[in-house]
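Reading through the structure tokens given below for one structure.
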Amino acid sequence: MTASPTLPKYRQQLILAVLMLCSLLIWLDNTVLSTTLETLADPVHGLDAGPAELQWATGSYTLAFATLMFTAGALGDRFGHRTVLATGLVVFAGSSVWAAYASDAGQLIAARAAMGVGSALIMPANLAILMWTFTGPARASAIAISSTSAGVGMAVGPVLAGLLLDHFWWGSVFLVNVPVVALALAGIAALVPNFRSPVLRPLDPAGMLLSISGLATLAYGLIRAGQVAAWSRTDVWAPIAVGLVLLAAFVCAELRIKVPSFDPRLLAQRTFGGGNAALGLLLFAVAAITFYNAFYLQGARGFSPIEAGLASLPTALGAMLGAPLGARLVRRWSLRPVTAPALAVAALTMGAYGFLGLETPLIPIEILLLVQGLSVGMVIGPVTAALISSLPLDRAGAGSAVTNTVRQTGSVIGIAVGGTIMSIVYRRAIEPSLSDVPGPVQDRARLSAEQARHVATAIHRPTLAHAADEAFVHAMHVGAVWIMLIALFGAAVLAIALRPAGKPTKPVQEPHYDRGGSRSVTGVGSHSGAGNQPAYAGDDVGGH
């Protein structure tokens with residue numbers, strides 16, 4: 001497919017601003033929730049949510065996000081990416097209001113899943129519109145600029161959540177999404193053409209059902225292991241096994257479809273597949289360590305929500321600096337020698353959580369978070385830009401959904417596994433301190449450190465609260481080691497995936513590239529095919 005007609009530069013820039021606002025909304029919501037987890041666990045000021053319910057409140061969102069994105073990409077190619085983007089924003093706003101007024105943890109989990117549906121409609125359409133709007137080198141630059149919205153969301157989210165939680169009830173953190181959505185919808189209506197692919201693809205309901213049921217069942221088994229503190233029970237290993245079988249069936253079903261919405265064949269390519277696997281492992285680690293950090297700062301260390309938000313700012317600052325720094329270093333030294341070591345450094349910073357304690361000074365923690373954000377930003381920005389830029393333009397929606405599905409799947413599993421490790425180790429660590437407390441108190445104290453602190457206050461047992469803090473920190477140390485090893489494995493996968501191909505033994509014919517940048521260049525431009533023009537619904541694209 002040839003490049004889309006060029007829009008006026010001022011309109012391109014305004015469209016980019018609107019797309020960044022949509023992306024900011026998603027990142028803002030993720031970071032806002034992480035700051036709110038401790039409050040949601042509070043029996044008095046929150047919803048009295050247990051560890052498993054908090055895992056589902058986070059995981060249901062990413063589960064819906066991960067499993068619906070490839071379907072959303074196909075919808076965008078069929079009905080227009082602007083239409084799908086606007087629909088996603090409306091769903092996101094409505095479910096945010098639902099979450100804000102949820103009366104129990106079950107309603108919150110359902111509302112978060114609905115928010116995940118909205119995000120799944122937003123993200124592929126957002127990337128597809130960006131790829132249609134920009135061509136050649138400008139596209140790679142636009143992707144890099146757009147990625148900074150992640151850093152902004154990470155910076156603003158925790159502080160905003162802290163301010164709201166200090167002055168209002170916990171539901172206010174979700175209501176802030178509504179005015180952002182209203183502003184984004186106004187910009188979309190005024191500026192964004194309704195790009196769509198001329199190639200109509202089936203919607204693949206069977207694939208959607210298999211992927212949702214597979215991931216949900218797998219996540220249930222992993223989270224259930226944390227609830228019962230055992231992996232050998234039938235209600236733990238059976239859901240895990242069934243989930244893996246359903247996901248394998250999903251891959252087989254997609255391979256049999258002539259034009260799949262989620263194309264596993266793309267993952268068979270060493271660079272694209274390996275790069276996505278590395279990003280999935282990185283997001284696994286980031287999701288798990290973020291889950292730990294929320295409870296460490298507000299629970300074990302006793303920070304207020306606003307203090308915890310401010311303490312998390314170095315992570316966001318590092319991510320904001322890391323993305324453009326990584327892009328500059330990649331232009332100088334290429335992708336592999338920059339991103340693989342950066343991912344290894346990110347892994348080591350996560351392992352360093354094993355050295356944090358109840359009395360660790362704040363300055364070392366802030367330095368650790370800064371280095372972590374910087375290294376993660378240096379990986380996600382350049383690697384995502386390289387993978388997305390290598391996609392065929394006529395598969396923009398579905399192709400970008402492959403990358404985002406893998407990343408969000410990593411987050412789902414990261415939250416489930418990370419939270420389960422923490423729950424199992426915490427229960428074993430707190431057990432010796434429960435021998436001389438009443439039975440009902442023992443049951444609540446075993447649930448989580450948050451519950452233990454609450455009952456310790458109620459029965460005037462400060463030693464129990466201290467024991468819970470110590471048990472939590474020990475659980476965090478054990479989990480951090482596993483998270484580090486998984487992220488280090490991701491660094492190894494990335495180094496192998498980006499390894500230069502061997503020189504051919506005989507000359508091969510090189511494809512012809514347009515030096516103006518409108519034709520494809522591997523890792524930079526878009527793959528083009530002759531004869532197909534982009535289609536529009538409801539807009540003439542600046543008069544062309």
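Between Val383 and Leu282, every side-chain heavy-atom pair lies at or beyond the 4.5 Å cut-off. Val417 is listed as a side-chain neighbour of Phe284, based on a closest heavy-atom distance under 4.5 Å. Taking 4.5 Å as the limit, every side-chain heavy atom of Leu68 sits out of range of all side-chain heavy atoms of Leu121. The side-chain heavy atoms of Met115 and Asn177, taken from C-beta on, include a pair separated by under 4.5 Å. Looking at Leu362 and Phe303, their side chains come closer than 4.5 Å, going by heavy atoms from C-beta outward. Side-chain atoms of Pro337 and Val330, non-hydrogen and from C-beta on, never get closer than 4.5 Å to each other.
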(message) Would Met422 and Phe291 count as a side-chain contact (heavy atoms from CB on, under 4.5 Å) here? Give the steps.
(response) CA-CA 10 Å; Met422 184 174 68; Phe291 194 74; 3.8 Å; yes
(request) Mind running side-chain contact (heavy atoms from CB on, under 4.5 Å) on Leu85 and Leu19 for me, showing each step along the way? (result) CA-CA 10 Å; Leu85 178 60; Leu19 297 179; 4.2 Å; yes
(request) Check the pair Phe295 / Leu54 against side-chain contact (heavy atoms from CB on, under 4.5 Å), numbers first and verdict last. (result) CA-CA 11 Å; Phe295 293 104; Leu54 294 176; 3.5 Å; yes
(request) Please assess Arg407 against Thr384 for the test side chain to side chain donor-acceptor pair (under 3.5 Å), listing each intermediate value before the final yes or no. (result) CA-CA 10 Å; Arg407 288 167 56 173; Thr384 300; 3.1 Å; yes
(request) Output, in order, the C-alpha distance, side-chain angles, deciding distance and verdict of side-chain contact (heavy atoms from CB on, under 4.5 Å) for Val376 and Thr315. (result) CA-CA 9 Å; Val376 169; Thr315 305; over 6 Å; no
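Under the 3.5 Å distance criterion, the side-chain polar atoms of Glu366 are left unmatched by any main-chain donor or acceptor of Pro314. Remark: the backbone N or O of Tyr353 is not paired with any side-chain donor or acceptor of Tyr296 at under 3.5 angstrom. Side-chain atoms of Asn293 do not come within 3.5 Å of backbone N or O of Ile289 as any donor-acceptor pair. No donor-acceptor pair under 3.5 Å is formed between the side chain of His81 and the backbone N or O of Pro193. Of the possible polar contacts, one joining the Gln12 side chain to the Thr133 backbone as a donor-acceptor pair under 3.5 Å is found. Thr349 contributes a side-chain N or O that, together with a main-chain N or O of Ala346, makes up a donor-acceptor pair within less than 3.5 Å. Between the side chain of Thr420 and the backbone N or O of Leu222, at least one donor-acceptor pair lies under 3.5 Å. Side-chain N or O atoms of Arg11 include one that pairs as donor or acceptor with a backbone N or O of Leu191 at under 3.5 Å. Between the side chain of Asn276 and the backbone N or O of Val406, no donor-acceptor pair lies under 3.5 Å. Side-chain atoms of Ser95 come within 3.5 Å of backbone N or O of Phe92 as a donor-acceptor pair.
Nearest heavy-atom pair, Ala308 versus Gln298, reported as atom, atom and distance to 0.1 Å: CB-CG, 3.6 Å. Between Leu279 and Ile380 the shortest heavy-atom distance is CD2-CA, 4.2 Å. Across all non-hydrogen atoms, the minimal contact from Ser119 to Ile26 is OG-CG1, 3.9 Å. In terms of heavy-atom proximity, Leu368 sits nearest to Ala352 at CD1-CB, 3.6 Å. Residues Ala487 and Met350 approach most closely at CB-SD, 4.4 Å, considering heavy atoms. The two residues Gly418 and Ala288 make their nearest non-hydrogen contact at CA-CB, 4.1 Å.
When the options Thr339, Val338, Leu329, Leu325 are evaluated for a side chain to side chain contact (heavy atoms under 4.5 Å, CB included) with Pro382, the one that passes is Thr339.
Atoms CG and CG, from Leu218 and Leu247 in turn, are 6.5 Å apart once rounded to the nearest 0.5 Å. For the atom pair CZ (Arg112) and CZ (Phe174), the distance works out to 5.5 Å, reported to the nearest 0.5 Å. The distance from atom CD1 of Ile421 to atom CD1 of Ile483, rounded to the nearest 0.5 Å, is 7.0 Å. Rounding to the nearest 0.5 angstrom, the gap separating the CG atom in Leu255 from the CZ atom in Phe250 is 9.5 Å. We find the CG-CG distance between Leu89 and Leu185 to be 5.0 Å, quoted to the nearest 0.5 Å. Rounded to the nearest 0.5 Å, atoms CG (Leu348) and OG (Ser375) are 9.0 Å apart.
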